[in-house]
Amino acid sequence: MEAPHQAASKLPRVFYRLAAGDALNTYGSQLDLVALSLFAYEAAGNALGTAGYLVLRLGGGVVGGLVAGRLVARLERRRLMTGCALAQALALVVVALVPASLRIPVLYPLAVVLGGAAAVAAVSLRTSIPEMVGAGRRARANSLMASCRSTAMVLGFASAGVVVAWAGFRAALLIDAASFVLFGALVIRLPLPTRSAPAEEPAAQPDEPAPKTGKRAPRWQALVVLRAAPVVGAMAGIRLLDAFGSAAHNISLPVFANQSSPGNPAALLGTFWATWAIGNLCAQQLVSRFMLRRGIEPGERGFALGTCLMSACFILIFTDLPTPLFLLVAIGAGLGDGFTEISYTTRIQALADERRGEAFGILASAENVGMGTGMLLSGSLLTLLSPLTVVGVSHAVPIVLALAFLVLVARTRRRR
């Protein structure tokens with residue numbers, strides 16, 4: 001393990017370019033998510049068109065997560081990330097230029113391409129970060145990436161409506177495609193390693209399977225990782241249910257905004273997400289300025305505590321709080337969300353290089369399954385129940401599981 005001053009050392013300057021490129025990539029993803037959702041609604045003429053597009057996109061993410069582990073193990077990761085970016089750009093260009101009569105037949109298959117390519121690219125990037133910056137700097141790198149990504153996400157959601165209204169669907173999709181092309185061009189020229197050399201592979205962790213030599217890799221490598229590293233399986237289960245809760249609050253927020261501020265619901269939503277982004281940026285500062293400088297690296301406990309804070313704050317958001325408390329709770333939600341992202345990414349990156357891709361693929365699939373089922377079920381429940389009830393139940397489950405996980409981690413450490 002590296003000394004605290006080594007862990008807190010500066011990141012390579014070129015890595016900041018990568019973080020900026022990833023933020024641009026994230027901005028394009030959020031922009032095209034909104035633009036294509038509206039595009040699907042207009043093309044189909046009903047809400048089922050949007051629902052079908054979102055479900056297929058999330059389904060593509062599930063498939064992408066399942067195959068990502070094998071792809072990052074066998075292919076050159078820099079080219080893989082570039083290929084995924086160009087695939088998304090090409091899909092957007094095709095949708096933008098296709099005649100109106102072919103929009104639906106073309107849009108739905110390409111939704112799978114967009115979801116799958118995004119999942120594979122995310123797994124490739126997260127798997128490569130320890131090799132790019134060094135194992136001792138991965139928490140700092142993750143905090144930087146999470147902050148840039150969260151800011152880009154909010155900007156993408158906030159500007160999507162304006163861009164579509166001002167430039168139209170086709171122009172918006174071509175702008176999105178350009179962002180992916182720029183990211184691909186940046187990554188392919190990135191002078192950073194993406195894979196560990198065989199002689200420098202880290203030793204196996206206590207909950208990690210030892211690499212097999214002289215034998216063919218098992219067909220279901222993901223099951224091997226889960227069986228040999230139960231912490232990864234537990235975190236994947238919590239992330240699945242946490243994504244379910246995220247779908248619930250994302251669907252419930254517009255309903256709640258219309259009920260609480262019928263005169264200007266958009267202002268309430270914009271205020272919430274902007275404040276949430278501030279909390280997310282605070283998480284990055286907390287990790288980099290206070291934890292890493294003291295040699296404290298976020299891990300399993302940080303993941304569990306961040307999940308509890310995030311879920312509890314999202315429940316409180318729907319309780320009609322006074323404005324000052326509403327803003328404080330929104331900051332708490334962003335803080336917990338950012339801290340959880342940094343903690344679980346850093347923890348999974350502690351696995352050896354040949355196991356890391358499979359673990360991130362499992363987590364990506366779990367998140368997409370949770371988000372997809374959460375959207376379908378929460379949308380149905382909101383016709384019968386209040387937003388507070390739907391969000392409260394959806395987020396209470398990950399809180400309970402995160403607390404149980406926290407107890408399990410504490411007991412395991414005491415036994416060791």
Side-chain angles (χ1 to χ4, degrees), residues 20-65 67-68 71 75 78-122 124-125 149 152-189 368 371-372 375:
D22 184 57
L24 179 66
N25 193 20
T26 301
Y27 174 82
S29 295
Q30 304 311 311
L31 193 61
D32 79 61
L33 180 62
V34 174
L36 285 175
S37 297
L38 295 172
F39 188 82
Y41 179 83
E42 184 181 90
N46 54 56
L48 288 177
T50 299
Y53 166 75
L54 292 174
V55 168
L56 286 171
R57 182 162 176 156
L58 289 169
V62 174
V63 175
V67 302
L71 292 177
L75 302 179
R78 191 180 290 103
R79 294 181 180 177
L80 185 59
M81 286 185 276
T82 300
C84 288
L86 295 179
Q88 292 176 87
L90 179 61
L92 290 169
V93 170
V94 171
V95 174
L97 301 182
V98 74
S101 59
L102 297 176
R103 284 179 180 175
I104 291 298
V106 168
L107 176 62
Y108 288 165
L110 290 180
V112 180
V113 174
L114 289 168
V120 173
S124 301
L125 179 57
R149 195 177 297 123
M153 187 182 299
V154 174
L155 291 175
F157 277 132
S159 64
V162 177
V163 172
V164 171
W166 173 69
F169 286 114
R170 287 188 175 180
L173 295 178
L174 292 176
I175 291 171
D176 302 343
S179 72
F180 289 114
V181 171
L182 289 174
F183 176 73
L186 184 150
V187 170
I188 199 64
R189 298 172 59 86
N368 280 288
M371 188 67 73
M375 283 183 174

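Looking at residues two or more places apart in sequence or on another chain, you find no side-chain contact (heavy atoms from CB on, under 4.5 Å) involving Ala119. Residues satisfying the side-chain contact (heavy atoms from CB on, under 4.5 Å) criterion with Arg189, sequence neighbours excluded, are absent altogether. In this structure Leu182 satisfies the side-chain contact (heavy atoms from CB on, under 4.5 Å) test together with Leu24, sequence neighbours excluded. Evaluation of the salt bridge (charged side-chain N to carboxylate O under 4.0 Å, His left out) rule for Arg149 yields Asp22, Glu341 as partners, not counting sequence neighbours. Every residue two or more places apart in sequence or in another chain that forms a side-chain contact (heavy atoms from CB on, under 4.5 Å) with Val98 is listed here: Leu102, Arg103, Val106.
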Determine all donor-acceptor pairs shorter than 3.5 Å in which one atom belongs to a side chain in residues 83-96; sequence neighbours excluded.
residue, atom, partner, partner atom, Å
Gln88, NE2, Cys84, O, 3.3

Hey, can you pull the donor-acceptor pairs under 3.5 Å for the side chains in residues 110-117, sequence neighbours left out?
none

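Nearest heavy atom pair, residue Ala152 against residue Thr26, reads CB-CB, 4.1 Å. When all heavy atoms of Tyr108 and Tyr53 are compared, the pair lying nearest together is CE2-N, 3.9 Å.
Applying the salt bridge (charged side-chain N to carboxylate O under 4.0 Å, His left out) test to pairs two or more places apart or on separate chains, none has a residue in residues 81-99. Among pairs with a residue in residues 55-65, those fulfilling salt bridge (charged side-chain N to carboxylate O under 4.0 Å, His left out) read Asp32-Arg57, at least two apart in sequence or across chains. Applying the salt bridge (charged side-chain N to carboxylate O under 4.0 Å, His left out) rule to pairs touching residues 87-96 yields nothing, sequence neighbours excluded. Within the structure, the side chain to side chain donor-acceptor pair (under 3.5 Å) test picks out no pair touching residues 168-182 (sequence neighbours left out).
Exactly one of Leu186, Val187, Val181 qualifies for a side-chain contact (heavy atoms from CB on, under 4.5 Å) with Thr82. That residue is Val187.
Atom OG of Ser124 and atom CG of Leu75 lie 8.5 Å apart (nearest 0.5 Å).
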